[in-house]
There are 2 protein chains.
Amino acid sequence: MTNFFSSNFKLGILGGGQLGKMMLYETRKYDIRTHVLDPNLDAPCKIACDHFQQGNLMDYETVYNFGKKVDILTFEIETVNLQALVQLEKEGKKVYPSAKTLEKIQNKGRQKLFYQEHKIPTAAFTRFSNKAHLTEGITSNKIKLPFVWKSTQGGYDGKGVTVVKYGADLVKLPDTECIAESLIDFKNELAVIVVRNVSGEIKTYPVVEMEFHPEANQVEYVICPARIEEKIARKAVEIAEKVSQAFEHVGVLAVEMFQTQDDQILVNEVAPRPHNSGHYSIEASYTNQFEQHIRAILNLPLGATESKVAGIMVNLVGAEGYTGDVVYQNIEDIMKMKGVTPHIYGKKQTRPFRKMGHVTIVHQDIDKAREIAQKVKNTIKVISNT
Amino acid sequence: MTNFFSSNFKLGILGGGQLGKMMLYETRKYDIRTHVLDPNLDAPCKIACDHFQQGNLMDYETVYNFGKKVDILTFEIETVNLQALVQLEKEGKKVYPSAKTLEKIQNKGRQKLFYQEHKIPTAAFTRFSNKAHLTEGITSNKIKLPFVWKSTQGGYDGKGVTVVKYGADLVKLPDTECIAESLIDFKNELAVIVVRNVSGEIKTYPVVEMEFHPEANQVEYVICPARIEEKIARKAVEIAEKVSQAFEHVGVLAVEMFQTQDDQILVNEVAPRPHNSGHYSIEASYTNQFEQHIRAILNLPLGATESKVAGIMVNLVGAEGYTGDVVYQNIEDIMKMKGVTPHIYGKKQTRPFRKMGHVTIVHQDIDKAREIAQKVKNTIKVISNT
């Protein structure tokens, strides 16, 4: 067995954003050596890794050469050069999640086809190779309005996804490969974090629920556990495990799902890495998602996924109308509230809707946690000092 | 109000050991810039701070010049040059805990006198300026055998403390200023972590209990909450708060106490910083002691000190007979146990009794936690690979 701790073993991480930063808390805790590659010299992972390299994650040579220097390679973002991972694996390098898994997930069209092939319930969809074909699909009545348009490549944080209601909405869409998905009338948007190690040991976290703003139609709170019936939760967990196994995924996999009006569970999409919907686990769970990811890819035993307390997560995004050096207005006020932990990602500049951090609220009583979460949301504001 | 987060504000930390390392998890979480001074280039704090400086913590010029470059200065070890802190404060630099507080604590003789002056219950003692005076004290019957001998300076991790049973035990004692303390027949050794911010807001953690090995007379487990009567716990908390206030302490203060056979609480000694007896708080508490220390010295509101679950801490010390590159034998086996989190401090070399890490065990049920803690203790072993 490899000695990972306080040894010369090297873990490589592609991407140095906030997910990588939170992963580094865990590599520090276990004293595991890390190398990080990111295009941004001011990346949140710049410190706390053993070696930081600036470079393009989509460049074959850069990723390949970076991977050659480490013992196991992982990523905290999906938009990395896949061919370099394929080549590294061919040469015997361990890459987790594997290139084969990432390939199936990276392209959303391929991801949807994968669900169909594996009889994993998902919304009906049609794939189009470009905008002309999509337009033709509408005019020929092959697909009906309204539908959900998704770019098959490079979507992230809600980018590359939009609801098309009228033909005129097509004008602003980019000319890319895309899918048109049936609009699901859902009761709840749910997510399950699944973790699977190299040996195939698998564990799931409790189902979480995204609570939407009643008017703005934006996720406001990620709530663990989801306030849903036990049998729905069981169904969601079963499907999430099936997805992880079908992908032969190694590491943390976030499975986002819809609970429809008639209580079907449909898989929306997955992220093959620690995910926003699992951030609550740092404060609420016996083992947080970042530690689990490390355990899984090093083929160590997985930790307990139960919660110590209820957890709610609120994202901290840049307020509209502010661009410049960031200020977390009223942060002291939320720090007075019980069980409130702010996480500041370390981006020096704010701009409207930029993900700058998140706040976790934990409490024995989920209703109390929800009340405090609302106060947090109404108190802190991410602005600039200029 | 100063903007500490993702700003140019600089926090200086004297000492770069494991306590500093765990403090840096919190400065990273809040994105607070840090400078660390430590004599060892391989210190656990070497990475994850913004600026690491190698230097002697007892050297006036080194500490003074380091302090000049930061906005607020704190320490994770008491053996630092006090005069440099005094001078920095004179020049308007904020030092927390203050030089005045540290001065009262750094010398154990002065610390004991302070308890007497402030009517804080503590074991009877006599102070001696050197070994000759101590010997004279015994021959003249001024003090009686057995007694606890403590060096007034530089004691740490049980060093500088010994029980003198016979006159012959004096031979191996160093010739230093010391105190001779009555041997206390205690029922329990307890500790309370108190935190107090610059404005005087004060909070205490639940009382913890040190459980000793039945034969070896060594602390095996730190258990939170202590399994003691509620009225004893209340008394311990009251005394701990009184101690923090008397010292006008800012930051985390660990107050170690004895519960005597007749249920008196006597203060043994204090540590003006995060402490081994508070490590359990990382996994078990709403706010861990390291985050609290940061909140206190930046004069931010203090976080909740309640526990989410019961917590037990086991130290990982180098096994006898092993010196060299460290190996954490059977660590995978303890990682399988529920609620078990190893912390590896990052010292590459083990030697007998060296503090290499700790393990936290959390569980809803304290008896279950205690069972698992025993399994942990019997499973993991810190050895070397040579």
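Note on naming: letters A, B, ... go to the chains in the order of the sequence lines (proteins, then strands), and numbering restarts at 1 for each one. In this text, all values refer to a predicted model and were calculated from it rather than measured experimentally.
- Contact annotation for B:Ala304: only side-chain heavy atoms (C-beta onward) come within less than 4.5 Å of a heavy atom of chain A.
- With a 4.5 Å cut-off on side-chain heavy atoms, B:Lys347 and A:Asp31 do not count as touching.
- With hydrogens and angles disregarded, a donor-acceptor distance shorter than 3.5 Å links the side chain of A:Gln364 to the backbone of B:Lys308.
- Using a 4.5 Å cut-off between heavy atoms, B:Asn385 does not touch chain A at all.
- Options A:Lys338, A:His343, A:Lys336 differ in how many heavy-atom pairs under 4.5 Å they form with chain B, and the most are formed by A:Lys338.
- Remark: side-chain polar atoms of B:Arg28 are not paired, donor with acceptor, to backbone N or O of A:Leu24 under 3.5 angstrom.
- Contact annotation for B:Ile282: neither backbone nor side-chain heavy atoms come within less than 4.5 Å of a heavy atom of chain A.
- Proximity to chain A (any heavy atom under 4.5 Å) is restricted, for B:Lys21, to the side chain, taken from C-beta onward.
- Counted within 6.0 Å of NZ on A:Lys94, heavy atoms from surrounding residues, nucleotides or ligands total 12 or fewer; the atom is thus considered open.
- If you measure heavy-atom distances from B:Glu201 to chain A, you find no contacts under 4.5 Å at all.
- Taking the six-membered ring where the residue is Trp, B:Tyr25 and A:Tyr25 present tilted rings, their angle falling between 30° and 60°.
- Heavy-atom pairs under 4.5 Å with chain A peak, among B:Met356, B:Met22, B:Arg295, at B:Arg295.
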